[in-house]
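First the proteins, then the strands, lettered A, B, ... as listed; each starts at 1.
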Amino acid sequence: MSNKLILIDGNSIAYRAFFALPLLNNDKGVYTNAVYGFTTMLLKIIEEEKPTHVLVAFDAGKTTFRHNTYTEYKGGRQKTPSELSEQFPLLRELLDAFQIKHYQLENYEADDIIGTMARIASDDGVQVKVISGDKDLLQLAGDNIEVNLTKKGISEMVVYSKEVIEQEMEITPLQIIDLKALMGDQSDNIPGVRGVGEKTALKLLKQYASVENIYEHLDEITAKKLNENLTTYKEDAFMSKELATINQESPIEITVEDLKYDGYDTNKLSTVFKELGFQSLLNKLDGEVDVEEEVALKEINYEVISELDESIFTGENAFHIEILDENYHTEEMIGASIVNKNGNYYIPIDVLEDSAIFKKWAEDDTKEKYVFDAKKMTVLLRRLGIDLKGVTFDLLLASYLVNPSENNHDIPSISHRFGEKEVKTDEEVYGKGAKKAVPSENVLYEEHIIRKTVMIHLLKQQVEDELIANKQLELLTELELPLALVLGKMEATGVKIDKDRLLTMGSELSERLSVLEEEIQELAGEAFNVNSPKQLGPILFEKLELPVVKKTKTGYSTAADVLEQLEGKHPIIEKLLLYRQLKKLDSTYIAGLLRVIDEDTLKIHTRFNQALTQTGRLSSIDPNLQNIPIRIEEGRKIRQAFIPSEQGWKIFAADYSQIELRVLAHIAKDEKLQQAFKQDKDIHTQTAMDVFHVSEDEVTSNMRRQAKAVNFGIVYGISDYGLSQNLGITRKEAKQFIDRYLESYPAVKEYMKDVVQEAKQDGFVTTIMNRRRYLPDITSRNFNVRSFAERTAMNTPIQGSAADIIKLAMIQLSKQLEESDLQARLLLQVHDELILEVPENELEEVEKLVATTMEQAIELDVPLKVDASYGDTWYDAK
DNA sequence: ATTGGCACGC
DNA sequence: GACGTACGTGCCAATG
């Protein structure tokens, strides 16, 4: 096999990566984006090219031999940002772990090292590939030498062989030097010939081939000004050529043999990846990481309890039950543990199940329990007939409140963030994917469960201290913790489903879908998978020659907004749109829901994720009951399958009217907006009046529609681009709308300005209940990244405060329902809406109770308003 | 097993 | 001068 040498322009690639990627940093606060980009590129190159030799060349120091020729060389360049320069040492460390040689040479640039090495290697018959982001390197392309330039970011490369260059630029690689000599180079501060740009330079080179030859035939050049310029700047031209020429005779002290690459050391590299926080790249490495490399944990003692005795409990106990998979409604419990001052105790589930002493302790409000995921523990114990009380700390919720943007809120990750290493990850203990299982040896998992519980016990104080420092302890103890119990109860209660209704709807849908599928294929003139955008694209845009509206990364976009623009151009379009809609209903809502119905009770039990969203909202999974269709009648009918669990009960729904805009009126203290809500005006009409400066009866439906979209934008923090997409107008018009809105509500404008300022100063924004969201991107130099952070700063207090308020209402409502001995039960929360099931004879009382509780959940400068309704199914509660 | 495209809700 | 644009969950197809 022939040898293959990869020469990488280290500085150039690092720069590219740095500017292409957001400013990531690892858990130690060190910036790593350039190193990350460099790493992904290396992995890709190694995999695709399978090189036998590799070298990464770096620039050395500030001055080079070129500065002797021209002191102003590379003058006027922006200083390397410190966020990047601090990454170079990490980069060298990374290359060492890759076992890739790197080299720099005093007085020379990386280009010269690469040029010299490329010459030597190609003379030896080695195939050479140069990798850079700098076009200057193209001059090196030759018989055995190919140059790859990064394109758009760093993920993609364009290959320039000698032939490609000659074909595309119509000059030889070496003439690139002459080109630069004539036209100069702004970035390197190479002057070139004044008045000669790319066009003129190419024309001259086509005729005369080189700078030298141009000057030999200077008298032939008749264009007066050009001739004059060439004459005046002759010296500049020759100096520029010298500067632009890569030195292929640099005094390098390395040989091709030194650059031999034998693959990376998986262990070393994985250690470096872990240090840098490149978790996602770990599984891209070849080979297994040696288990010996893992630092052995310190020994831990624990006692396996075969019969529970009250003496093991103290006043404060960390308590944990372990399950293997996520669904705690159905999953088998593996084991439990208690950790306190007295010791570490492992409790087998059967012991726990049969113990009256345990039940008494768990249900005793005065016995304090520290847990990880109070909601999960509540549901698990409830399955054993135990009503958990006295939970005073939840590590999951506390960690989430400290920083919602951390995406791993499991015990080992939290522990590591707080510097506690004595616990393995679940993956290390149980494996992953199909291989996931409880170890056959008891101690292996018993120890793991104990260690996790030890962490809960150990971290309680640390995390609580952080919450106290942030003035967020109340948010945990008065809001999220009580809410966890309410949610646990809702999940465990579940929602009853009319299975037959779903089945009937399903068969009707299948029928219509197969007819539609046939019609679509007929219109397309061929059989294909209608569900595949990849197959559909070519049919629409090549075979049927419909105009291409939008492209995706991989091909033509066939998304609904694209299809809508094509409506009327071909009969296939409307059928496709309908097919997509119905397919969604069938697969996600009919088949999806049927799959998760409990066979015995005909109920479904969702799980609310209370520690996920960046704004403080809940999310719902398995199934997601927060996105059941409502907008289109056909989909809305799915709601007919959601029924009360008992005869003679009703489904009851209560939703906040415009809670986000009311919150905005409150926190921005906008007189005009507050007035509108105090007078219970139609807010979109009011906005239209204020934005378009018209009276109420002059507001057209179109004006109201546009005002509604602007309000939508305010609530969700969308950009002018997003608004333009929603309204089908230009970005400029959208921006005008937003500006006019802000002129109409000056206090809102002021608030938006202040909250961005606050985020810049503090690094985070807060909600009414002092929930935080950190926004490190707010200082980004990248316009888009920064703009996004700014919109987030404006939007999160609004959406997050609304989330706080409904959470408060849920806690209060749940308490009231209990105290008043009503049977009505909370079932679901859909962001601004609560769904209950209610006995017929309680309807009147519940209606009053729910409305007042929600409206009085918190006192704002504007009233909160709730609309409520009920019916025999969720569909009818409208 | 993971990714990309698409569609549903607020 | 170009970036890529509210947040979630889940389905299907295509790919490694």
Side-chain angles (χ1 to χ4, degrees), chain A residues 19-22 47 152-153 280 283-284 404 432-435 528-537 550-563 576-577 579-593 595-596 606-609 612-632 634-636 638-639 655-656 658-660 712-726 731 734 773 777 780-792 794-796 798-800 802-803 806 828-833:
Chain A
F19 287 108
L21 299 174
E47 190 188 315
K152 217 167 80 172
S280 60
N283 50 17
K284 295 200 170 169
K432 66 168 177 176
K435 281 182 284 186
F528 71 104
N529 187 342
V530 184
N531 294 319
S532 163
K534 203 187 159 185
Q535 292 180 36
L536 178 62
K550 198 165 72 176
K551 289 201 143 204
T552 66
K553 262 185 250 179
T554 52
Y556 306 105
S557 169
T558 66
D561 62 318
V562 171
L563 296 185
L576 275 170
L577 282 165
Y579 179 89
R580 283 257 177 87
Q581 250 177 37
L582 300 186
K583 182 75 192 174
K584 175 75 178 175
L585 292 181
D586 190 35
S587 64
T588 304
Y589 298 107
I590 305 285
L593 288 176
R595 215 175 301 141
V596 292
T606 184
R607 297 192 318 278
F608 290 105
N609 197 334
L612 183 129
T613 70
Q614 303 304 301
T615 54
R617 276 186 171 188
L618 302 174
S619 77
S620 155
I621 53 165
D622 204 16
N624 181 352
L625 293 184
Q626 292 183 318
N627 73 342
I628 303 300
I630 189 165
R631 238 182 66 245
I632 292 163
E634 264 172 317
R636 190 173 195 156
I638 300 280
R639 295 178 174 225
D655 70 293
Y656 279 112
Q658 301 297 344
I659 186 167
E660 283 97 350
F712 177 86
I714 298 291
V715 167
Y716 289 115
I718 61 172
S719 58
D720 50 3
Y721 173 85
L723 181 63
S724 75
Q725 293 292 301
N726 282 345
R731 198 170 152 159
R773 181 173 188 179
D777 289 345
S780 169
R781 296 176 313 285
N782 181 310
F783 174 80
N784 289 301
V785 172
R786 189 177 63 247
S787 303
F788 184 44
E790 287 172 358
R791 294 202 304 277
T792 309
M794 300 184 243
N795 158 255
T796 297
I798 302 171
Q799 215 190 97
I806 195 165
L828 298 172
Q829 187 250 46
V830 192
H831 308 308
D832 64 351
E833 182 184 17

Please say whether the positively charged group of A/K551, taken as NZ for Lys or CZ for Arg, lies over the ring of A/Y556, i.e. under 6.0 angstrom from the six-membered ring centre and within 45 degrees of the axis.
-> yes

Round to a whole Å and report the spacing from OH of A/Y556 to C1' of B/dG4.
-> 18 Å

Considering all heavy atoms of both residues, which atom of A/I714 and which atom of A/N795 are nearest to each other, and what is their separation?
-> O-ND2, 4.3 Å

Can you tell which of C/dT5, C/dT9, B/dC10 lies closest to the side chain of A/I621?
-> C/dT9

Before giving the answer on side-chain contact (heavy atoms from CB on, under 4.5 Å), spell out for A/L593 and A/L625 the whole-Å C-alpha distance, their side-chain angles and the decisive distance to 0.1 Å.
-> CA-CA 10 Å; A/L593 288 176; A/L625 293 184; 4.1 Å; yes

Mind checking the C1' distance from B/dC6 to C/dA2? Whole angstroms is fine.
-> 27 Å

Presence of A/R636 side-chain N/O under 4.0 Å of B/dC8 phosphate oxygens OP1/OP2 = no

Under 4.0 Å: is that the gap between some side-chain N or O of A/T613 and OP1 or OP2 of C/dG8?
-> no

Check whether any side-chain heavy atom of A/L618 sits under 4.5 Å from a side-chain heavy atom of A/Q626, and report yes or no.
-> yes

State, with a plain yes or no, whether a side-chain heavy atom of A/T792 is found less than 4.5 Å away from one of A/Q614.
-> no

So does A/T554 get a side-chain nitrogen or oxygen closer than 4.0 Å to the phosphate oxygens (OP1/OP2) of B/dG5?
-> yes

Taking OP1 and OP2 of B/dG9, is either one under 4.0 Å from a side-chain nitrogen or oxygen of A/R631?
-> yes

Report yes if at least one side-chain N or O of A/T552 is closer than 4.0 Å to OP1 or OP2 of B/dG5; otherwise report no.
-> yes

Is there a side-chain polar atom (N or O) of A/R791 under 4.0 Å from OP1 or OP2 of C/dA6?
-> yes

P gap between C/dT5 and B/dG5, integer Å = 12 Å

Stem segments of DNA chain C by first residue number [Watson-Crick or G-U, under 3.5 Å, at least 3] | B:1-9 with C:7-15

Can you find a donor-acceptor pair, distance only, under 3.5 Å between A/N531 side chain and C/dC12 base?
-> no

Measure from the side chain of A/H831, starting at C-beta and using heavy atoms only, and say which of B/dC10, C/dG8, B/dG9 lies closest.
-> B/dC10

Closest to the A/A434 side chain: B/dA1, B/dG9, C/dG10?
-> B/dA1

Would you say a side-chain N or O of A/S532 is under 4.0 Å from OP1 or OP2 of C/dA14?
-> yes

Counting N and O atoms only, with roles assigned by atom type, does the side chain of A/R617 sit under 3.5 Å from a partner on the main chain of A/A803, one being a donor and the other an acceptor?
-> no

Taking the same atom, C1', in C/dA6 and in B/dC8, what whole-Å distance lies between them?
-> 15 Å

Hey, is the side chain of A/K583 poking within less than 4.0 Å of OP1 or OP2 on B/dC6, counting only N and O atoms?
-> no

Can a side chain N or O of A/Q535 be found less than 4.0 Å away from OP1 or OP2 on C/dA14?
-> yes

Looking only at C/dG10, C/dC12, B/dG9, the nucleotide nearest the A/P629 side chain is B/dG9

Heavy-atom check, side chain of A/T588 versus side chain of A/N627, under 4.5 Å = no

Nearest whole angstrom, please: distance from the P of C/dC11 to the CD1 of A/I590.
-> 13 Å

From the list C/dA13, B/dA7, C/dT9, which nucleotide is the closest neighbour of the side chain of A/L612?
-> C/dT9

Of all the nucleotides listed (C/dG10, B/dG5, C/dA6), which has the minimum atom distance to the side chain of A/N624?
-> C/dG10

Does the side chain of A/R580 get closer than 4.0 angstrom to OP1 or OP2 of B/dA7 through an N or O atom?
-> yes

Atom NE2 in A/H831, atom CD1 in A/I806: separation rounded to 0.5 Å?
-> 9.5 Å

Could you give the CD-to-C1' distance, from A/Q626 to C/dT9, as a whole number of Å?
-> 10 Å

For A/F608, ring pair (Phe, Tyr, Trp, His ring centres under 6.0 Å) partners two or more places apart = none

Of C/dG8, C/dT5, C/dA13, the nucleotide closest to the side chain of A/N529 is C/dA13

Send over the distance from A/F608 CZ to B/dC10 P, rounded to a whole Å.
-> 14 Å

Among B/dG5, C/dG4, B/dC10, which nucleotide sits nearest the side chain of A/N784?
-> C/dG4

Among the candidates C/dT5, B/dG4, B/dA7, find the nucleotide nearest to the side-chain atoms of A/A559.
-> B/dA7

Give the rounded distance in Å between these two atoms: CG of A/L593 and C1' of C/dC11.
-> 13 Å

Please state whether the phosphate of B/dC6, meaning OP1 or OP2, lies under 4.0 angstrom from any side-chain nitrogen or oxygen of A/T558.
-> yes

